[in-house]
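To start, the structure itself, in structure tokens.
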Amino acid sequence: MNFKTLSLAMALGLCSLSAQTFAHTHSDKNNSFVGSVKLKNYQEQMKMIQGLDIDIAGVDRKNNIVDLLLTKEEVSKLEAMGLHVEIDFSKLDRKGLDDDYKSPSEIEDILKNTEKNFSHIAKVHVIGRSSEGREIYALKISDNPELNEESEPAILFNSMHHAREVMSPEVSLDIIEQLTKNYNSDEKIKHYVNNNQIWIVPMLNVDGNQKVWDGSRMWRKNTNYGHGVDINRNYPYKWGTCRGSSASTWSDTYRGPTAGSEPETQALMNLVKNIRPVFDISYHSYSEIVIYPMGCNGERAQTKDIIEPIGKEIGDLIGYEAGTAWELLYSVDGSDIDWMYNEYQVIPYVIEVNSRAQGFQPSYAKWRDKTVERNRPAWLRLLSRLDGPGVRGTITSTENIQDTTIEVTKINGEKVQDYRVNPTGGFHIVLNKGEYKLTVKNKNEVLSVKTISIENERMNITL
Ligand SMILES: [Zn+2]
């Protein structure tokens, strides 16, 4: 519905859209304000803001300041709630996007050239197609990149669920560049590449990004159905359950018509199902934080004793604060990391690169290299952690892999995890140092029991 027909419809009483809703039907944000609010009671007031379905751009968690993309009406609503909104006119930048950031077709070229130049360690995969028909690409980096080498752990790095977060693909491209160009000269890199299967998806939301290049610089969602869907609220786990997304099509956190409805969401879900990564990092911007599951208020992961310390460690390495989404930002439902963790036992992190001062689209020349360099120790640490405390192997004690689990308990009987074995019979359980009892079970029948002592290095066994 364009402006004229909408006005006519409203005049004729055919349409009950309020002025508020009308403002949002044009939510490509060109008419928005960038406003900042300092919160006195962070979690309480963040909930209020989220309740208004306001587009939250990013935060400065140290100073409890939140950046919002606001319509005039929303500014008034916040002021009425007693919040003082500081409008930042410098952020209303109407210039075009810095040309050095990458478009979908540039990403495609870079990946294909990488495959051409490093064919012995790099292979391009098409993992899906967007609603506008664009191909979504992944690059696999490993020795024998054509083969699925069962003995080698998989790890996933992905960028750009959200279209305006143009720095996020740069981090993925830097991972690719570091792993390929330094392969021959750096023994550590060679070790990581030869002994793991490293998957990188530099740009998941290809349609949304094209829309950003076409002039909607603050576009966040994909472009499906015209209004688009926030693909990082569309994953099936706890979809739409804890006020961590919106049911309104105009909202920037619209979760979609059904769980997992979006082609981009499905592309990443299929990839994860096929490769079963041990770790994942999903890159976003901005706020300089590391987020680990779970996303709904008050919830923590069953294996929090393993995933939270690793999250804090990678946060410390790059100077970012680490926590759950509800601790650091707000409740989130339907996110990729909660789904990966719950469905396939992946240990996943979101890293929000760049600070509030830098925002979504900082000067490429000034901030690109600084940002990717700062982020290197985090992904390198996850690559090295694949060799760290834990146990990897295959089940040989039964042919009936379906319904086979490994119950992991500490020696004192405390439950650590019920690990569901992969369909191939493989497993990779990340642990802390210590003594554990592994009980292989098919439904309730105990197939084998083994006690292991985990030291600094990963143990490879058969069960
Ligand atoms: Zn994001």
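Order of appearance sets the numbers: ligands from 1, and atoms from 1 within every ligand.
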Any salt bridge linking K304 with E308? Criterion: basic side-chain nitrogen under 4.0 Å from a carboxylate oxygen.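 Salt bridge: no.
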E288/R374 salt bridge by N-O under 4.0 Å criterion: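 Salt bridge: yes.
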For the residue pair Y419 and F427, does the interplanar ring angle fall in the parallel (under 30°), tilted (30 to 60°) or perpendicular (over 60°) class? perpendicular
For the residue pair Y349 and Y292, categorise the inter-ring angle as parallel (less than 30°), tilted (30 to 60°) or perpendicular (more than 60°). perpendicular
Within E165, is some N, O or S atom less than 2.8 Å away from the Zn ion (ligand 1)? yes
Shortest-distance N/O/S atom, H284 versus the Zn ion (ligand 1):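 The H284 atom nearest to the Zn ion (ligand 1), restricting to N, O or S, is ND1.
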Would you name the N/O/S atom of H162 that lies closest to the Zn ion (ligand 1)? ND1
